[in-house]
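Each remark here refers to the structure printed beneath this line.
Just so it is clear, the model here is predicted, and its values are computed rather than measured. The basis for the numbers below is simple: all heavy atoms, side chains too, and nothing from hydrogens, waters or symmetry mates.
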Amino acid sequence: MSAHAPEAGSEAASDAGSGAHPLAREQAHLTASRAALRAMRADVEALDIRDVTANWVNAIVLQAQIDDRIKALADLAHTPLFFGRLNYLHAPGAELAEGAEGEQFYIGRRHVHDADGDPMVIDWRAPVSQPFYRASKNDPQDIALRRRFGYTGGELTAYEDEHLSDPAEAAAVSKLLQQEIERPRVGPMRDIVATIQPEQDEIVRSGLSGSVCVQGGPGTGKTAVGLHRVAYLLYAHRERLARTGTLVIGPNRSFLHYIEQVLPALGELEVKQATVEDLVTQGGLEVRGADAAATAVVKGDARMAQVLRRAVRSHVTPPAEPLMVVRGSRRWRVPAYELEEIVKELLDRDIRYGAARDALSQRIAHTVLVRMEQAGEAPDDRVQDAVARSAAVKAAVKTMWPAVDPAKLVLRLLSEPEFLAAHAEGVLSEEEQRLLLWPKPYRSVKSAQWSSADLVLIDEAADLVERTHSLGHVVLDEAQDLSPMQYRAVGRRCTTGSATVLGDLAQGTTPWATRSWDEALAHLGKPEAVLEELTAGFRVPREVIAYASRLLPSISPGLAPVSSVRETPGSLVVTPVTVEPDGPDGPDDQAGPNGQARLTASVVEACRASLAHEGSIGLIAADARIPELAKALEAAGMAHLSPGEETTAQSRLTLVPASLAKGLEYDYVVLDEPAAIVSGEPDERTGLRRLYVCLTRAVSGLHVLHAAALPAALGPALP
């Protein structure tokens with residue numbers, strides 16, 4: 001492998017014979033490609049919809065499509081238009097790839113063609129681009145040369161060649177690839193199309209019909225893999241997914257804001273993003289309350305689905321008397337036993353409550369039509385519909401199969417001990433039922449202080465009444481923190497589609513955190529999903545991930561630790577903050593007021609030192625410590641952001657509560673008082689998992705400061 005900067009470098013075989021320096025030719029191709037992209041956008045902007053349609057409805061739809069296309073063709077100045085090049089060999093006997101013999105392809109984020117329609121940049125998702133990620137010395141895949149490009153501020157400044165067909169050239173680690181992985185991060189999460197690894201590419205390009213679950217430790221790129229899989233599926237199955245829709249589900253708004261620019265950077269603008277809470281918030285309801293951990297665990301238990309099902313079906317009442325339907329001058333009688341048979345049949349079919357209710361009126365009407373036909377009449381479907389809508393039939397249906405309001409149903413379950421006991425018998429214990437009941441019942445749905453778990457129950461009840469709309473593909477990130485009932489809520493959104501589930505069992509920080517992926521996938525309704533494990537870390541330095549992995553035996557026994565490919569000496573610093581011997585707290589009380597004050601001052605100085613580095617800085621601390629640290633940063637004249645606010649070159653420091661750190665990454669992390677992070681959770685195991693998350697947010701360096709003793713699970717102090 002050979003690397004080349006502007007002032008030096010040898011010529012690739014395919015470049016020989018031209019007088020210009022190869023880097024200059026590549027820069028010229030970049031300039032020409034950008035000009036071609038601008039021309040493509042100008043062509044779309046010049047379209048006049050009046051030349052296509054005079055229908056105003058079609059015009060609105062077409063204009064929206066044109067606007068989206070214009071956005072998708074935007075040229076981002078600081079984002080490389082292409083990042084690699086493939087020279088195909090097409091040796092005798094080789095399986096031919098797309099293109100003519102010896103043809104070369106530039107690989108980029110989107111397709112670009114010239115005025116004649118010839119490709120200047122190939123979309124990274126195209127089949128011809130696949131060898132860029134998977135070809136190797138052992139399996140060159142008909143590639144003679146793989147070239148990677150290095151950029152500085154959007155300008156092409158270097159290239160690196162790998163001659164896959166040359167057995168004399170030894171395999172080596174790409175320096176440009178490593179530099180791209182380690183490039184300082186300012187702003188939201190960026191795409192990884194230039195650095196996708198073979199094992200990641202296999203997941204990205206897996207088919208739409210199957211669901212995939214990715215277990216990946218910190219820095220393995222599971223979130224990026226999930227987002228790039230969506231982009232790939234939209235490329236490969238655009239028409240189908242345009243009809244059925246796609247959705248990315250994240251743990252919180254800060255996380256969604258952090259990742260929201262990845263897909264647009266790849267030209268995909270139509271993918272919606274939401275939290276689980278967003279999915280289940282409906283009918284004007286909103287979260288206004290919170291549950292104790294024990295109550296939330298019961299509400300999130302999958303057994304609640306059976307309780308709700310019983311409660312919904314309990315509204316069905318067998319008929320007590322016959323039904324009389326008047327049509328003109330005649331009366332038609334349906335005996336009670338026939339009505340009961342119809343009701344029983346619908347219950348046995350186990351269809352949605354609302355669909356069965358609609359079917360009941362039609363079944364009764366059909367029974368009346370049979371009577372009419374037996375009497376010599378010739379009724380048609382219009383007569384059946386009229387009978388189904390008659391006052392008598394409506395009244396009978398209302399009595400036998402009344403409408404159910406999901407929110408009112410859950411309100412009764414959480415308010416009325418007798419109603420709950422009747423439907424939870426044999427499913428929930430008396431203690432679990434007691435945990436569910438509100439201490440003081442609310443009078444109405446609107447006045448109730450609904451918790452997040454309550455809205456999930458309402459969503460489940462709503463699906464029992466009317467089927468939830470299903471999407472073509474759903475990506476569920478940080479899935480390990482979902483309860484079984486939350487998995488069911490997500491699963492309802494992809495019953496007819498597929499899912500990509502992303503998570504790390506070691507990072508589960510809720511009392512109901514996932515214990516196994518098999519169990520989680522069963523609740524999601526995707527037991528057949530393929531489980532993939534990413535164990536190679538690319539983002540977190542080896543020293544940092546090794547230190548955090550000391551916690552694994554305590555938080556997730558048996559889980560394989562991440563093996564980082566990046567060795568960065570000096571990337572981990574652990575600093576105990578001591579109190580002066582004559583301090584008011586004494587030498588042994590490091591966690592007292594004086595110790596905490598010294599810790600805060602030391603943390604502020606550590607942040608100041610970190611800002612001397614390039615890239616983003618994250619100060620992570622226990623939620624309870626955030627107000628004090630915010631005040632100290634302000635007093636020191638150090639502006640800081642909150643999670644979700646976009647970092648810039650002028651504002652690079654973010655103050656992050658430990659509860660919101662999951663999924664976020666910073667070049668340098670200052671971690672305040674690990675013991676406080678652990679003690680801030682309901683139990684030690686959850687606290688250690690929260691600490692594991694916080695320890696693994698750093699891309700280049702981690703500085704841990706503590707006044708109290710470190711958790712014993714972290715083991716001996718660093719040498």
Side-chain angles (χ1 to χ4, degrees), residues 245-257 260 270-292 295-296 298-301 304-305 307-315 352-358 397-398 401-416 419-420 423 435-471 474 476 481-495 510 512 644 660:
T246 52
L247 176 68
V248 174
I249 302 173
N252 52 58
R253 280 279 147 206
S254 297
F255 176 84
L256 291 177
H257 184 73
E260 67 183 358
E270 299 301 319
V271 180
K272 296 181 179 179
Q273 298 181 346
T275 64
V276 173
E277 190 173 299
D278 294 333
L279 296 183
V280 300
T281 300
Q282 54 188 312
L285 302 180
E286 59 183 25
V287 174
R288 296 196 295 166
D291 292 313
T295 299
V298 178
K299 288 182 178 179
D301 195 295
M304 288 301 301
V307 174
L308 288 165
R309 184 174 182 275
R310 287 181 177 181
V312 168
R313 291 167 67 93
S314 72
H315 289 75
R352 294 294 195 284
Y353 185 90
R357 186 173 189 270
D358 294 338
V397 170
K398 185 176 181 180
W401 209 292
V404 171
D405 182 299
K408 289 181 179 178
L409 178 77
V410 174
L411 184 77
R412 285 192 68 189
L413 282 172
L414 302 181
S415 303
E416 301 177 17
F419 187 69
L420 176 61
H423 306 302
L435 287 170
L436 287 177
L437 291 166
W438 283 321
K440 183 179 179 181
Y442 299 100
R443 291 184 177 182
S444 67
V445 168
K446 289 186 177 181
S447 65
Q449 300 290 311
W450 298 109
S451 69
S452 180
D454 294 336
L455 296 188
V456 175
L457 297 179
I458 295 173
D459 189 71
E460 178 84 25
D463 185 69
L464 290 168
V465 177
E466 301 289 347
R467 184 182 297 276
T468 304
H469 174 67
S470 177
L471 300 167
V474 170
L476 175 61
D481 278 334
L482 268 61
S483 70
M485 291 299 288
Q486 287 175 317
Y487 275 117
R488 290 175 62 88
V490 174
R492 285 191 284 277
R493 271 75 186 179
C494 57
T495 52
T510 55
W512 50 82
L660 296 180

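- Taking every heavy atom of both residues into account, L455 and V287 meet most closely at CD1-CG2, 3.6 Å.
- A pairwise comparison of heavy atoms in S314 and H423 identifies CB-CE1, 3.2 Å as the closest pair.
- In this structure, V404 and L409 approach most closely via the heavy-atom pair CG1-CB, 4.4 Å.
- Atom CD in E277 sits 9.5 Å away from atom CD in Q486 (nearest 0.5 Å).
- No donor-acceptor pair under 3.5 Å is formed between the side chain of H257 and the backbone N or O of S254.
- A distance of 5.5 Å separates CG of L308 from CE of M485, quoted to the nearest 0.5 Å.
- Under a 4.0 Å N-O distance rule, the pair R492/D459 qualifies as a salt bridge.
- A donor-acceptor contact closer than 3.5 angstrom links the side chains of T275 and D278.
- Judged purely by atom type and a 3.5 angstrom limit, N252 uses its side chain to pair as donor or acceptor with the backbone of F255.
- Side-chain N or O atoms of S470 include one that pairs as donor or acceptor with a backbone N or O of T495 at under 3.5 Å.
- I249 contributes atom CD1, which lies 9.5 Å from atom CG of L256 (distance to the nearest 0.5 angstrom).
- You'll find the side chain of V276 reaches within 4.5 Å of the side chain of V490, heavy atoms only.
- One N or O on the side chain of R493 and one on the backbone of A489 form a donor-acceptor pair closer than 3.5 Å.
- Sorted by first and then second residue, the pairs that involve residues 441-462 and meet ring-ring contact (aromatic ring centres under 6.0 Å, His included), not counting sequence neighbours, are W438-Y442, W438-W450.
- Rounded to the nearest 0.5 angstrom, H315 NE2 and R357 CZ are separated by 11.5 Å.
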L436 vs M304, side chain to side chain contact (heavy atoms under 4.5 Å, CB included): CA-CA, chis, key distance, verdict: CA-CA 10 Å; L436 287 177; M304 288 301 301; 3.8 Å; yes
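- No more than 12 heavy atoms of other residues, nucleotides or ligands shown are found within 6.0 angstrom of CZ on R467.
- Atom CG of L457 and atom CG of L414 lie 6.5 Å apart (nearest 0.5 Å).
- Put simply, OG1 on T468 and CD on E460 are 8.5 Å apart, with the number rounded to the nearest 0.5 Å.
- When all heavy atoms of R443 and L411 are compared, the closest pair comes out as O-CD2, 4.5 Å.
- Here the closest heavy-atom approach between residue K299 and residue S451 is recorded as NZ-OG, 3.8 Å.
- V445 and A407 make their closest contact through CG1-CB, 3.8 Å (heavy atoms, listed as atom of the first residue, atom of the second, distance).
- Between D454 and R288 there is no salt bridge, since no side-chain N of the basic residue sits under 4.0 Å from a carboxylate O of the acidic one.
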